[in-house]
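Below: one structure, written as structure tokens.
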Amino acid sequence: MAKIRGTIVVDTECCKGCKVCVVTCPTKTIDLGHEVNSKGYNYMQMVNPENCTGCTNCAAVCPDSCITVYRVKVE
Amino acid sequence: MGEYKLMKGNEVIAIAAIRCGCDGYFGYPITPQSEVMETLMEEKPWETTGMVVLQAESEVASINMLYGGAASGKKVFTSSSSPGISLMAEGLTYLAGAELPCVVVNVVRGGPGLGTIQPAQSDYFQAVKGGGHGDYYLIVLAPASVQEMNDFMDLGFELAFKYRNPVMILSDGIIGQMMEKVQLSPEKPRWTEEEIQKISGSWATIGKTPDRQRHIATSLDLDAASQERFNHKLQAKYKTINENEVRYEEFMCDDAEYLIVAYGSGARISQKAVELARAEGIKVGLFRPITLFPYPTKAIQNRVPQLKVILSVELSAGQMVEDVRLAVEGKIPVDFFGRVGGMIFSPEEIVDAIKTKLVGRK
Amino acid sequence: MMEIKDMIKPENLVYEKTKVLTNNIMHYCPGCSHGTIHKLIAQVIDEMGIQDKTVGVSPVGCAVLAYNYIDIDWQQAAHGRAPALATGIKRLNPDKYVFTYQGDGDLASIGTAEIMHACSRGENIVVIFVNNAIYGMTGGQMAPTTLVGQVTATTPYGRNTELNGHPLRITELLAQLKGTCYVTRQSVQNPAGVRKTKRAIQKAFENSMMKKGLSFVEVVGTCNSGWKLTPTDANKWMEEHMFPEYPLGDIKDE
């Protein structure tokens with residue numbers, strides 16, 4: 001059975017840690033990390049990367065356009 | 001050359017704008033200049049030259065429509081009278097701050113407040129010293145005839161684009177309403193898109209192409225050091241304007257011992273007064289500033305050594321007289337004669353003032 | 001199990017930042033709706049291929065610096081005057097896509113005359129109206145759209161209708177005017193809202209070249225700093241309190 005898998009790349013310098021993406025993620029893939037960027041924001045990262053389906057919800061709601069999404073069909 | 005017509009000053013403004021290739025007019029009715037828009041609407045230039053004419057909901061909107069058009073590199077103008085110009089003060093300082101070219105015709109009436117619909121020259125300070133906030137100047141042209149209403153339209157656009165600065169034609173109810181013979185300027189076509197690209201392509205907001213950075217028409221700069229640099233650049237521009245664009249006219253000044261300084265309709269009436277006084281043997285001349293900013297300071301200074309007293313004659317309580325005094329630097333007395341509130345002096349009244357305030361000065 | 005690095009390949013790309021957004025980091029507070037709305041406008045401009053034919057007009061307010069983020073030619077207007085600028089641009093450049101981007105203080109308070117008459121004349125422009133019920137830039141004062149009882153810097157005891165009057169539903173008002181062809185209210189707090197808002201913006205841009213009149217897209221947004229809530233709580237507060245007063249959906253579509 002084909003399975004959809006995805007991943008994201010976050011521009012951590014432009015992330016402000018607003019968490020709007022975190023509550024939007026249907027698979028609890030992402031959360032804020034403990035590290036901070038040069039502006040002092042905790043930035044978003046994948047905490048459960050294996051959950052990601054590449055649905056793009058996080059990127060769609062991101063006010064700072066810092067998420068790039070990739071998706072593959074795994075046979 | 002252009003044809004001769006008998007026309008009102010306000011009508012000529014409209015015709016001259018169409019003939020000099022103006023792209024757009026945005027205005028709001030106010031006495032004593034409503035004929036400008038009425039004439040434009042009658043002429044329907046959108047069917048001939050393609051010029052846009054739009055009646056806005058207010059003077060505030062008019063001047064901001066001008067901003068929109070000017071920032072896209074178009075030749076745009078508006079007209080109004082004193083209370084309307086007060087409403088435009090905000091827009092004018094934004095235009096000056098964003099370095100946008102446009103022409104604003106002010107057919108001045110008496111104030112303050114709603115004042116009167118009769119002519120006055122009581123908006124000199126507003127036109128020349130600001131009106132809006134910040135360190136900026138308008139280039140101010142003061143026509144004294146219907147012919148100059150025609151000529152200054154084209155000149156106004158030329159200066160506005162040369163310096164990327166708003167230009168005000170400071171007229172009044174006399175010049176606006178008066179009918180005179182006028183030789184219309186030859187017709188010039190409106191600029192093509194290619195010409196706009198050539199003339200204003202380095203700053204106009206005409207669509208960002210891949211080969212250049214985006215253009216932003218703004219007066220905002222939150223960084224104080226950068227805002228100071230911009231202000232210095234503006235001041236340097238005003239200095240260049242001061243050095244290159246001073247215009248004035250002298251009448252019977254060569255042997256004058258006394259001098260009247262007057263502009264616009266005040267100069268027109270003063271010229272007759274000078275003729276009457278000369279007939280009585282009084283050696284008086286007339287100095288007429290044509291540009292009020294830049295002010296012909298040096299030209300007045302050059303006349304000072306031959307003069308005993310200067311009289312500033314204005315349809316105001318005494319506004320331009322301050323610039324005459326600044327020019328004279330206290331070397332000789334400068335007196336003032338004026339009427340206010342829409343009342344107009346006669347040549348005879350000015351002759352009386354010449355006799356009491358100049359010749360008979362104690 | 002496929003490695004993450006094996007997925008990050010151009011052929012697997014499904015979402016990336018549009019090229020019509022610049023690389024400047026937005027000055028907006030974390031979670032601010034402005035960023036999302038900017039992105040949608042930029043995406044529409046990118047997808048329609050009209051970057052070289054679009055002129056934006058930025059307001060006074062937080063979005064005054066919109067010109068730093070969307071990579072098109074911009075004009076910056078005095079407070080409330082954006083529709084007048086847009087009128088000047090569009091009348092003289094009918095082949096350009098012209099839009100204003102205005103907040104509720106700018107559009108619904110100081111600029112009511114300009115927006116009302118631009119709508120009434122049926123200017124062929126797009127107006128993006130961001131309503132977050134507060135003056136964000138000046139520090140959270142009452143706006144015309146502030147809700148009854150809402151605490152702001154100038155209504156510290158809550159908006160009181162006797163003192164401050166009622167929230168202004170200007171969008172419904174503008175829908176009454178014959179010059180508007182499309183009037184809608186959207187929001188961008190979740191993916192569905194984002195998709196609908198983007199469609200609305202695209203439709204508005206398309207309308208502006210069809211000489212149908214003015215297209216007006218209100219986006220109900222958050223001002224979490226002004227509301228003194230976290231970004232995610234602000235989104236919840238918006239759904240609970242703003243949407244009853246400002247219901248989402250098309251108000252007019254002709």
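Since the model is a prediction, treat every value here as computed from it, not as a measurement.
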Quiz item: Take atom CD1 in Ile117(B); do more than 12 heavy atoms of anything else shown fall under 6.0 Å from it?
Solution: no
Quiz item: By a 4.5 Å heavy-atom criterion (distance strictly below it), what part of Arg212(B) contacts chain C: side chain, backbone, both, or neither?
Solution: side chain
Exercise. Give a yes or no on whether Tyr15(C) atom OH has more than 12 heavy-atom contacts from other residues, nucleotides or ligands under 6.0 Å away.
Key: yes
Quiz item: Taking atom NZ of Lys208(B) and atom CD1 of Ile45(C), what is their separation to the nearest 0.5 Å?
Solution: 12.0 Å
Quiz item: Rounded to the nearest 0.5 Å, how far does OG of Ser58(B) lie from CZ of Arg81(C)?
Solution: 7.5 Å
Exercise. Please indicate whether Tyr136(B) has more than 12 foreign heavy atoms, meaning atoms of other residues, nucleotides or ligands, lying under 6.0 Å from its OH.
Key: yes
Practice problem: Would you mind checking which part of Leu100(B) comes under 4.5 Å of any heavy atom in chain C, side chain (CB onward), backbone (N, CA, C, O), both or neither? | Solution: neither
Quiz item: By a 4.5 Å heavy-atom criterion (distance strictly below it), what part of Leu54(B) contacts chain C: side chain, backbone, both, or neither?
Solution: side chain
Quiz item: Checking heavy atoms, do the side chain of Ala98(B), its backbone, both or neither come under 4.5 Å from chain C?
Solution: neither
Self-check item: When Gly56(C), Ala84(C), Pro83(C) are compared by non-hydrogen pairs under 4.5 Å with chain B, the top option
Solution: Ala84(C)
Practice problem: Locate the shortest heavy-atom distance separating Thr205(B) from Val55(C); write the atom from each residue and the value. | Solution: O-CG2, 3.6 Å
Quiz item: Is the backbone N or O of Tyr67(C) less than 3.5 Å from a side-chain atom of Arg214(B), with the two atoms forming a donor-acceptor pair by type?
Solution: yes
Quiz item: Using non-hydrogen atoms only, which part of Tyr67(B) is less than 4.5 Å away from chain C: side chain, backbone, both, or neither?
Solution: both
Exercise. Please check if atom CG in Asp135(B) has more than 12 non-hydrogen atoms from other residues, nucleotides or ligands closer than 6.0 Å.
Key: no
Exercise. Sort out for me which of Met65(B), Met51(B), Glu90(B) touches chain C most, counting heavy-atom pairs under 4.5 Å.
Key: Met65(B)
Quiz item: Once you round to the nearest 0.5 Å, how far does CD of Gln75(C) lie from OH of Tyr94(B)?
Solution: 14.0 Å
Quiz item: By a 4.5 Å heavy-atom criterion (distance strictly below it), what part of Ser120(C) contacts chain B: side chain, backbone, both, or neither?
Solution: neither
Quiz item: Between Ala82(C), Gly80(C), Gly88(C), which residue shows the highest count of heavy-atom pairs closer than 4.5 Å to chain B?
Solution: Gly88(C)
Quiz prompt | Residue among Ile89(C), Val98(C), Leu65(C) with most heavy-atom pairs under 4.5 Å to chain B | solution = Ile89(C)
Exercise. Just give me the residue among Thr209(B), Ile63(B), Leu222(B), Leu220(B) that pairs up with chain C most often, heavy atom to heavy atom, under 4.5 Å.
Key: Leu220(B)
Quiz item: CD1/Ile72(C) to CD1/Ile216(B) distance, rounded to the nearest 0.5 angstrom?
Solution: 10.0 Å
Practice problem: Give a yes or no on this: more than 12 heavy atoms of other residues, nucleotides or ligands lie within 6.0 Å of atom CG of Asp223(B). | Solution: yes
Practice problem: Could you tell me the separation between the CG atom of Asn93(C) and the CD1 atom of Ile196(B), rounded to the nearest 0.5 Å? | Solution: 7.5 Å
Quiz item: If you take all heavy atoms of Lys96(C) and Ile206(B), which pair is closest and at what distance?
Solution: CE-O, 2.8 Å
Exercise. Identify the heavy atoms of Ala78(C) and Asn64(B) that sit nearest to each other, and give their distance.
Key: CB-OD1, 4.3 Å
Practice problem: Rounded to the nearest 0.5 Å, what's the gap from CG on Asp71(C) to CD on Gln213(B)? Could you check? | Solution: 7.0 Å
Exercise. Please flag which part of Ile50(C) lies under 4.5 Å from any non-hydrogen atom of chain B: side chain, backbone, both or neither.
Key: neither
